[in-house]
There are 2 protein chains.
Amino acid sequence: MAKQNTVFKDAFNRCLKLLAETSALPSEPELGTTLGVSRTTIRAILTRMEELQLIAWDKRAKVVLRQPKAEDYYPAEETDSLSDIIERSFMRRILAGGAEPGMQINELELARDIGTGTTSVREFLIRFSRFGLIEKRPNSHWVLKGFTREFALELTEVREMFELRSAASFAALAPDHTAWTDLDRIEAMHHEILADIDNRYKEFSELDERFHLLVHTSSSNRFIVDFYDIITIVFHYHYQWNKTNARERNARALEEHLDYIAALRSRDPVLVEAACRRHLKSARETLLQSIQ
Amino acid sequence: MAKQNTVFKDAFNRCLKLLAETSALPSEPELGTTLGVSRTTIRAILTRMEELQLIAWDKRAKVVLRQPKAEDYYPAEETDSLSDIIERSFMRRILAGGAEPGMQINELELARDIGTGTTSVREFLIRFSRFGLIEKRPNSHWVLKGFTREFALELTEVREMFELRSAASFAALAPDHTAWTDLDRIEAMHHEILADIDNRYKEFSELDERFHLLVHTSSSNRFIVDFYDIITIVFHYHYQWNKTNARERNARALEEHLDYIAALRSRDPVLVEAACRRHLKSARETLLQSIQ
DNA sequence: AAACTGTCTATTGTGGATAAAAGACAAAAT
DNA sequence: ATTTTGTCTTTTATCCACAATAGACAGTTT
C-alpha cells in the first residue's frame, strides 16, 4: 500500500462528532475548512457516511438519518499518522529501553521492527536529528548520542538563555497584545488544577507546554520558538517514563509558574528575571534528577 | 540507476594524487583510513587503477607503473554528491533568483528541474527546513519564508547570544587547551592575508568560518555548535551573490578579528565582551546592508 | 453574482527494488 | 600475533510506482 488513509479516517471520526450535533451537514468547502482537509477527503467522508446510512446525501442536501454509534468510528490506532507511530516507537527504544550512548541505529532493522518501509524511517531520523540525540555517519549508520546528563545540561543551558530573553520581551509587550489574555486563561487554569491537585496533577504537563510556548513565542524569533520543540519532545516522552513524585513536583511547578506570571504582569525586568531564573533552576534540577 | 558512485570517483581522484607521490601504495585498510572510505571502495579503486595500467597489483604489492595524467581523473562534476548538487541548485533558486517569500515549493518540479528523484529532493528539504527558511504544509507543498530582513535579524540575535557566551567560555579555557594553538594558527593566517589583502581577500570567507566555529566549539554545547551550521550556510551562499566592497569589508573584518583574538588572549571578560560585540555588530550591519 | 458540486489533474507519502558502499569473518601472509 | 587479503552479507542511497490527498476549473444551483 502506497499511503495510509489516516487523514481520511481521522477526519471521518471528527466529522461523526459534528454530525451528532446537527440535523444536516454544511457545504463541502465549509466542512473542509472546519476539519482542515481538502474537498477530496470531505467527499470520501460523505460517501462513507452515505454507505453507513448515517446521512442521505444529494448534492447540497446532507440530511442526518441517525446518530453515530461506537462501531461507526475507526479505531484510534488506525488514525495515527505513520510518522507519529515511528516517533513513539523510536522514543520508547531510546528512552525506555536501555539504549547505550554510542549504539548504532540501523534504518532497515528499525523499519522491520516497526513494520514500515525504510523511506519513512529514514525521513523520521533526518527530522529527528535536529534534536541532537542522534548523528549520521554518511553512507553508514546513525549513532545514538544518548539521553545523557550532558545532553540535559546542554539543552537547559540554551533553554535558559532563550527563556530569559523571551520573558523580558514578554514583559515589554503592549498592554493590548493578545498574549496577555492568553496568559489570563493559562493563569486561571493553574488555579483550577491547584484547587484539585490530587486528581488533576497529570494535566500539568500540557499546561506547562502551553505556558512556556507562549513565553517563547513573544521573542518573535523563529529559532527560539523552534528550539522549544526540542524541550517539548524531551519533556513529553521523558515524563512518560519518570513518574516519581509527579504530584509534588507538579504542584511546586504550578506555584512557581504563578509567581512567574505575577512577575510578568508587574512588567518589572528585575522581578521577571528573578522569577524566571527560580523556575528554570528547579525545572533543570527535576530533569537532572530523573536521569539516573 | 540506484546510487551514483560518486564516493568511488572522488576517492579515486584523491588516490591518484597519493599515487603521484610514491612508488608503491600502502595496504588496503591503510588506504581506506587515509581516504575515509571502506575497503570495498578501495578495492574498486585499485581494480580501476590496474585497468588503466597505473599500477601493477598483486595482493600486497601495488607498484606504481606510471604517473597519472589529466585524463585519468574523473571530471569534477561527477564527484559531487547528489545532496550537494541539490543544495547548490536550491540555494541558487532561492537566493539568486527572485524568489518571493510565500512562494510555494514543489518537490516534483524541483526534482524534474535538477534531474533527480523526488526522494532525494524531499530528504534535502527536510534537512534544510531546520534553517528556518522553508516550512512544510503536511500533505501539501512547502512554503518559502524567504531570505528577508526579519530572517537576518532573528538569525543574528541568536548568533550574538551564542557567540558572546562562547567567547566567554573560550577566555576561561585552560592555558594548555588545544584551542589556543588553533587560535595561534588562525591568527597567523589573518596576518598573512592582510599582508597581501588585494590578492587574497577572497580567502577571508573560509577563515572567518574557521575562526567563529572555533569560538563556538568552546561552548561545548551541541546546540550552539550546530546552530553555527545555519550561519555558515547563509554566509557561504549569500556572499557568492553579493560581492560589493568585498575587499574593504573583509579587510575590516580581519582587523576586528585580530582585536577579538587579542581580547581572548587577555582572558579579561570585559575586554572579550567588548571586542566580540564590536565585531558582531559590524557583521550584522554587513549582512543587513546586503539584503536590500 | 456568489457559492457549491462534479470532474479531472497534480502532488505528496510510502513501500519496494537495486546498485553502491560499508563491514564481517576466515584464510593467508608477514 | 598482528596485519592483510579474499569473499560474502548487510545496509544505505536512490529511483520508481501507486494510492491518498490536495487542488484547479467549468458547469450548476441558490
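Chain A is the first sequence line, chain B the second, and so forth, proteins listed ahead of strands; every chain is numbered from 1. The analysis underlying the following values was restricted to heavy atoms, covering all of them including side chains, and did not include hydrogens, waters or symmetry mates.
- The ring-ring contact (aromatic ring centres under 6.0 Å, His included) search around Phe223(B) returns Phe151(A), Phe227(A), not counting sequence neighbours.
- Axis angle between the ends of the helix from dA1(C)-dT30(D) to dT30(C)-dA1(D), five pairs each and rounded to 10 degrees, works out to 40°.
- Residues passing the side-chain contact (heavy atoms from CB on, under 4.5 Å) test with Gln53(A), sequence neighbours excluded: none.
- Geometric assessment of Arg159(B) against the ring of Phe235(B) yields a positive cation-pi assignment under the 6.0 Å and 45° thresholds.
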Where protein sits on nucleotides 25-30 of chain C, one letter per nucleotide: B base, S sugar-phosphate only, - none, heavy atoms under 4.0 Å: ----B-
Report each atom pair, protein N/O against N/O of nucleotides 19-21 of chain C, whose distance is under 3.5 angstrom.
residue : atom : partner : partner atom : Å
dA21(C) : OP1  : Thr6(B) : N            : 3.3
dA21(C) : OP1  : Val7(B) : N            : 2.8
dA21(C) : OP1  : Phe8(B) : N            : 3.3

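- Residues of residues 109-117 of chain B that place a heavy atom closer than 4.0 Å to DNA chain D, in numerical order, are Thr116(B), Gly117(B).
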Anything under 3.5 Å between a donor and an acceptor, one on a side chain of residues 54-61 of chain A, the other on a protein residue two or more places apart or in another chain? List them.
residue  : atom : partner  : partner atom : Å
Trp57(A) : NE1  : Lys59(A) : O            : 3.1

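- Lys145(A) meets the side-chain contact (heavy atoms from CB on, under 4.5 Å) test with Glu135(A), Arg222(B); sequence neighbours excluded.
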Lys62(B) and Glu30(B): CA distance, side-chain angles, deciding distance, salt bridge (charged side-chain N to carboxylate O under 4.0 Å, His left out) verdict: CA-CA 13 Å; Lys62(B) 306 171 193 82; Glu30(B) 197 182 325; over 6 Å; no
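- Annotation: proximity of residues 12-28 of chain A to DNA chain C (heavy atom, distance under 4.0 Å) is found for Ser27(A), Glu28(A), numbered in ascending order.
- Base contact: Thr119(A) has a heavy atom under 4.0 Å from a base atom.
- Partners of Arg127(A) by side-chain contact (heavy atoms from CB on, under 4.5 Å), not counting sequence neighbours, listed by chain and number: Ser83(A), Glu123(A), Phe124(A), Ile126(B).
- Looking only at distances, no side-chain donor or acceptor of Asp80(B) sits under 3.5 Å from a matching main-chain atom of Ile85(B).
- Scored by the side-chain contact (heavy atoms from CB on, under 4.5 Å) test, Leu18(A) finds Leu31(A), Thr34(A), Leu35(A) as partners (sequence neighbours excluded).
- Taking the ring-ring contact (aromatic ring centres under 6.0 Å, His included) definition, one finds that His238(B) meets it with Phe147(B), sequence neighbours left out.
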